Amino acid sequence: MHRRALIVILTAAALVTVAVALPRLLADRSRDWSTDSPAARTAFQAGLDARMRFYLADAATSFRRAVELDPDFAAAKVQLLDLTHDSEEHQSLLAQIAGIDVSRLNERECFLVELARAKRDHQAEITGRFLKSHPRDSWGLFIAAGQAWDHEEWETAGALYRRLLEVDPNWVLARNNLGYMSMAQARFAEAEEQFRTYAYVAPDQANPHDSLGELLSLLGRYDEARSELEQALAIRPDFCASYEHLIGIAIFEGKPEAIEPIAARAETHCSPAMAAALRCEGKYFAAYVAKDFTAPWREGFASCVGKPGDRGVLFYRMALMAGEMKEVDAEEAALAKAVEDSRTAGYGRGKGRMIEAQSFHVRGLRKLYEGDPAAAAALFRSADERASFWSAGEGRLKLFNELNLALALERSGDENDATAERARVKAINPAFAAIFPKIAERSPGGSRM
């Protein structure tokens, strides 16, 4: 998952699907936290354990309990802050953390509080200063690695995660992050090795199986992927990312009929909003596979995907094929604004890059639809330069974009480059390469995309 977190401050939120450490590791570190309440410390430790396993709702509940038991428990407030984005509780915690008297805290806690107080562009400086005086501090190493990850400085991040494992071999979540970094750079064998090691050392946790399942689905090894994802759900039926990855496999395979049963399972264990989003995606995909491009507007589910800019490539493609040009224009404009916002809003590099990739991709689709394959190819190349394989969702877009690039090149008369693009996709996911011709269908107006 991904969908794109461990136990510390806001920068850790940029790390997707990172959460594991052994209970013994947590027990050994109880002295690291300043509280006079044994009950608060116990609740806090439970929160750390849950968060390291990526059971975030459980973690938030435990951190809230720790703060109730000790209203001055700084570390619990910092942890809870990172799990309460865009909420009144988050704003309240920010105010409380701003007023903490750090003179009563140890050096690590002072570092975490300072980091939570700081603006994003000062956090790396603070972390570097802390590591200079505490070069073997596992928390400092993990946070520094996360900050390097956030800027996609893969070599630096990888070196920090490996040093973290040398300092603390039990901090196995570093293997998860090393796996995603290898995945992002298309080093899939390395990624698989890291994820399998992660699953071996933490077999009772859902996240290792979810991470491995996500990778295997990207590679077209669907049966193996489903097995891993079902193992994750057997361990934790409310590990909701695994339902999303199962639906991703249904989309990779072109099987919309598989989506509703998965959404029904998710509805039992996850939020109603998530189940509704999965069903919405299923409706769009079923209509698309059936070539019924006007269905969202005719049958009244066009709005279930949300607002412009958030509606995704499938919505855009359906709107284009249906001739809903106002919707097409609105989506392009919203994505263009999101690109501009990403340059000033302090997003991590990955998020900004992904928004740009999507914007270039949809514009390429429009040029292909309008019969300008050379312009389409240029836009698809720009999208490809920005998209990566760090998650199955982004990887699916990258593969889909590359196959559209091959189609545009073919129509531009560049058969050699078109063949090379198809070969690259086939080398990664041969099953998806094989099914693509079935989903590159004609629009009602006769233009073939």
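This structure is a prediction, so every number in the text was calculated from the model and none was measured. Any value given below was found using the heavy atoms of this structure, including those in side chains, with hydrogens, waters and symmetry copies removed.
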Side chains of [X] and [Y], heavy atoms from C-beta outward: is any pair under 4.5 Å?
| X | Y | value |
| --- | --- | --- |
| Leu141 | Leu131 | yes |
| Leu397 | Met354 | yes |
| Phe301 | Cys280 | no |
| Leu379 | His361 | no |
| Leu218 | Leu399 | yes |
| Ile249 | Ile247 | no |

### Task
Go through Tyr55 and Gln205 one step at a time and tell me if the side-chain hydrogen bond (donor to acceptor under 3.5 Å, both in side chains) criterion holds.
CA-CA 10 Å; Tyr55 306 155; Gln205 298 182 23; 5.9 Å; no

For [X] and [Y], indicate whether the former's side chain and the latter's backbone hold a donor-acceptor pair under 3.5 Å.
| X | Y | answer |
| --- | --- | --- |
| Ser359 | Ile355 | no |
| Ser227 | Asp223 | no |
| Glu224 | Leu216 | no |
| Lys77 | Ile97 | no |
| Tyr284 | Ala302 | yes |
| Glu109 | Asn106 | yes |
| Tyr316 | Val362 | yes |
| Glu281 | Ala277 | no |
| Gln194 | Asn176 | no |
| Asp384 | Phe380 | no |

### For His209, ring-ring contact (aromatic ring centres under 6.0 Å, His included) partners two or more places apart
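In terms of ring-ring contact (aromatic ring centres under 6.0 Å, His included), with neighbours along the sequence ignored, His209 is linked to no residue.
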
Atom pair [atom1]/[atom2] of [X] and [Y] - distance to nearest 0.5 Å:
| X | Y | atom1 | atom2 | result |
| --- | --- | --- | --- | --- |
| Leu83 | His90 | CG | NE2 | 10.5 Å |
| Thr61 | Leu80 | OG1 | CG | 9.5 Å |
| Phe188 | Arg221 | CZ | CZ | 11.5 Å |
| Phe360 | Arg386 | CZ | CZ | 4.0 Å |
| Leu93 | Arg64 | CG | CZ | 8.5 Å |

### Task
Go through the steps for Gln96 and Ser92 under the test side-chain hydrogen bond (donor to acceptor under 3.5 Å, both in side chains), then give the verdict.
CA-CA 6 Å; Gln96 293 174 52; Ser92 174; 3.0 Å; yes

Under 4.0 Å between a side-chain nitrogen and a carboxylate oxygen: does that hold for [X] and [Y]?
| X | Y | value |
| --- | --- | --- |
| Glu299 | Lys283 | no |
| Glu68 | Arg65 | yes |
| Arg366 | Glu331 | no |
| Glu230 | Arg265 | yes |
| Lys326 | Asp329 | no |
| Arg196 | Glu192 | yes |
| Asp58 | Arg53 | no |

### Message
For Phe432, does the six-membered ring have the charged nitrogen or CZ of Arg396 within the cation-pi criterion, i.e. under 6.0 angstrom from the centroid and within 45° of the normal?
### Response
no

### Task
Would you check, one step at a time, whether the test side-chain contact (heavy atoms from CB on, under 4.5 Å) holds for Glu267 with Arg279?
CA-CA 10 Å; Glu267 188 171 34; Arg279 285 196 166 95; 3.2 Å; yes

### Task
With side-chain hydrogen bond (donor to acceptor under 3.5 Å, both in side chains) as the test, would you mind laying out the steps for Glu89 and Thr84 before giving the verdict?
CA-CA 7 Å; Glu89 183 180 20; Thr84 56; 4.9 Å; no

### Message
Evaluate Tyr222 against Asn429 for side-chain hydrogen bond (donor to acceptor under 3.5 Å, both in side chains), listing each step before the verdict.
### Response
CA-CA 10 Å; Tyr222 301 136; Asn429 188 329; 3.3 Å; yes

### Task
Determine the interplanar angle of the Phe195 and Tyr180 rings, folded into 0 to 90°, and report it as parallel if under 30°, tilted if 30 to 60°, perpendicular if over 60°.
perpendicular

### Message
Ring-plane angle category for Phe44 and Phe63, please: parallel below 30°, perpendicular beyond 60°, tilted otherwise.
### Response
tilted

### Message
To check you understand the geometry: which heavy-atom pair defines the closest contact between Met318 and Ala287, and what is its length?
### Response
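Heavy-atom minimum between the residues: CE-CB, 3.7 Å.
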
### Message
Which residue is it: Phe111, Phe142, Trp139? I am looking for the one with a ring-ring contact (aromatic ring centres under 6.0 Å, His included) to Phe130.
### Response
Phe111

